[in-house]
2 protein chains.
Amino acid sequence: MRVGELADRTGVAPRMLRYYEEQGLIASTRQDNGYRAFEEADVERVRTVRSLIASGLPTRLVRVVLDIEALADDERSPSCSTAFAEMLYGELTTLNDKIACLTKSRDTVRHYLEHTEHSALVGAAEPV
Amino acid sequence: MRVGELADRTGVAPRMLRYYEEQGLIASTRQDNGYRAFEEADVERVRTVRSLIASGLPTRLVRVVLDIEALADDERSPSCSTAFAEMLYGELTTLNDKIACLTKSRDTVRHYLEHTEHSALVGAAEPV
DNA sequence: CTTGACCTTGACACAGATGTCAACGTCTAC
DNA sequence: GTAGACGTTGACATCTGTGTCAAGGTCAAG
């Protein structure tokens, strides 16, 4: 599919899709006419990219996470440099901190809403 | 305490503390000489602000979360406009999405690390 | 009184994510 | 073949969160 369709299906502007490609977060082949060609799987990938970026990860880290996700199934006992592993471990810690912080905020907001006369709204959000 | 001490104790540059104040995320009184005066509780508050911003929340939302947190203990059955409640509900959904996305990425990274020869690193990170 | 550490405000600069626009090529439909 | 929708690249603008610096006030120590 071309960039416009991918944009329609993900809700992400073509401009940003090109930017993500430039940053190495998504890939495309080229048609004879120079148009980008994306695959079905890119729809999911773009959604993941969006979420990760919205969650405060810089593109450079999004790339790492996606790369790891990609080889997770094949290479089950991978070897990597200690430096890389330590970097990942640092990021793991950062991710845990972010999750903890967001969870606390989420609970704060939810508890607040539950105590307003609009508490019915909260019904849908399942506790974790 | 003055801005320098708060900076030392939070690891956040004075420049950013003034910025956060400008954005309404923290408050200070002024001494006679014009110096900002912060309270003990601001140390925690600044840490919270940092975490929330690092988690991708824009300052405008950080303000809302902190405001809610502040009145959570006093006003237990607050009344607010439907529009505000709906906005909060929307943010609640966003927070849940971010948490889910970060959790998935965290698990991806952790599982990867566990399968490398550096798996010993992961020991500290408790599963959630 | 001077020095040095700390504070003030204000400005300018920068990076990352994003919007917008121009100039131009491609393709479909009339 | 021309119009219109869509694609391409490249440039510039904007917003946020930051860093840095200048010009100046405050204050404690020598």
Side-chain angles (χ1 to χ4, degrees), chain A residues 1-39 42-43 45-66 91 94 97-98 101-102 105, chain B residues 1-39 42-43 45-66 91 94 97-98 101-102 105:
Chain A
M1 83 191 76
R2 293 177 302 180
V3 77
E5 186 182 343
L6 185 57
D8 287 345
R9 293 181 55 187
T10 58
V12 176
R15 169 71 176 83
M16 293 316 298
L17 295 176
R18 298 194 192 100
Y19 175 70
Y20 294 155
E21 188 187 30
E22 188 185 312
Q23 300 297 309
L25 306 185
I26 55 178
S28 71
T29 54
R30 293 301 181 117
Q31 294 173 334
D32 287 353
N33 53 18
Y35 289 10
R36 287 171 181 78
F38 294 97
E39 294 169 23
D42 289 319
V43 175
R45 189 169 173 104
V46 168
R47 294 208 178 105
T48 305
V49 167
R50 286 296 312 165
S51 302
L52 287 172
I53 287 179
S55 303
L57 269 68
T59 55
R60 125 191 168 266
L61 247 183
V62 173
R63 210 180 310 130
V64 172
V65 170
L66 289 176
E91 297 304 340
T94 303
D97 289 349
K98 287 187 181 185
C101 181
L102 286 179
S105 298
Chain B
M1 85 192 74
R2 292 178 301 179
V3 77
E5 187 181 343
L6 185 57
D8 286 345
R9 292 181 55 186
T10 59
V12 176
R15 168 71 177 84
M16 294 316 299
L17 295 176
R18 297 191 194 104
Y19 175 70
Y20 294 155
E21 187 187 31
E22 188 186 310
Q23 300 296 309
L25 306 184
I26 54 177
S28 71
T29 53
R30 293 301 181 116
Q31 294 173 335
D32 287 351
N33 53 20
Y35 289 11
R36 288 171 180 77
F38 294 97
E39 295 168 22
D42 289 320
V43 175
R45 186 168 176 107
V46 167
R47 294 209 177 104
T48 305
V49 167
R50 286 296 313 165
S51 302
L52 287 172
I53 288 179
S55 302
L57 269 68
T59 55
R60 117 185 176 271
L61 247 183
V62 173
R63 212 179 310 130
V64 172
V65 171
L66 290 176
E91 296 304 342
T94 303
D97 289 350
K98 287 187 182 185
C101 181
L102 287 181
S105 298

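All heavy atoms count here, side chains included; hydrogens, waters and symmetry mates do not. Below, read A as the first sequence line, B as the second, and so on, with proteins coming before strands; counting in each chain starts at 1.
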Salt bridge present between B:E91 and B:R60 (N-O < 4.0 angstrom)
yes
Between C1' of D:dT9 and CD of A:E21, the distance in whole Å
12 Å
Atom CG of B:L61 and atom P of D:dG17: how far apart are they, to the nearest Å?
11 Å
DNA chain D nearest-nucleotide lookup for B:D32 and B:P58: closer to the 5′ end is B:P58
Taking the nucleotide of DNA chain D with the nearest heavy atom to each, does B:L57 or A:E5 sit closer to the 5' end?
A:E5
Could you state the CD-C1' distance from B:Q23 to D:dT16, rounded to the nearest angstrom?
9 Å
Is there a donor and acceptor pair, one atom on the side chain of B:Y35 and one on the base of D:dG25, closer than 3.5 Å?
yes
So, is B:Y19 near the phosphate of D:dG17, with a side-chain N or O under 4.0 Å from OP1 or OP2?
yes
Check: B:T48 and B:V65 side chains under 4.5 Å, non-hydrogen atoms
no
I want to check something: taking the side chain as every heavy atom from C-beta on, are B:V12 and B:Y20 in contact at a cut-off of under 4.5 Å?
yes
Please work out if B:R36 contacts a base, only the sugar-phosphate, or nothing of the nucleic acid, heavy-atom cut-off 4.0 Å.
sugar-phosphate
Using side chain to side chain contact (heavy atoms under 4.5 Å, CB included) as the criterion, point out the one residue from B:T59, B:L61, B:L57 that pairs with B:L52.
B:L57
For D:dT16, does either OP1 or OP2 sit under 4.0 Å from a side-chain N or O belonging to B:T59?
no
Check the distance between D:dT20's P and B:R18's CZ and give it to me in whole angstrom.
14 Å
Checking all strands, does A:R60 fall into the base, sugar-phosphate, or nothing category for heavy-atom contacts under 4.0 angstrom?
nothing
Could you tell me the separation between the CD atom of A:E22 and the C1' atom of D:dG10, rounded to a whole number of Å?
11 Å
Is there a side-chain polar atom (N or O) of B:N33 under 4.0 Å from OP1 or OP2 of C:dC7?
no
OP1 or OP2 of C:dT18 sitting under 4.0 Å from any side-chain N/O of A:R50?
yes
Whether the side chain of B:Y20 and the base of D:dG17 hold a donor-acceptor pair under 3.5 Å is what I'd like checked.
no
To the nearest angstrom, how far is A:R15 atom CZ from D:dG10 atom P?
12 Å
Would you indicate whether the side-chain heavy atoms of A:V62 and A:Q23 approach each other to under 4.5 Å?
no
Measure CE/A:M16 against P/D:dG7 and give the value in whole Å, please.
17 Å
Nearest whole Å is fine: how far is C:dT26 P from A:R2 CZ?
13 Å
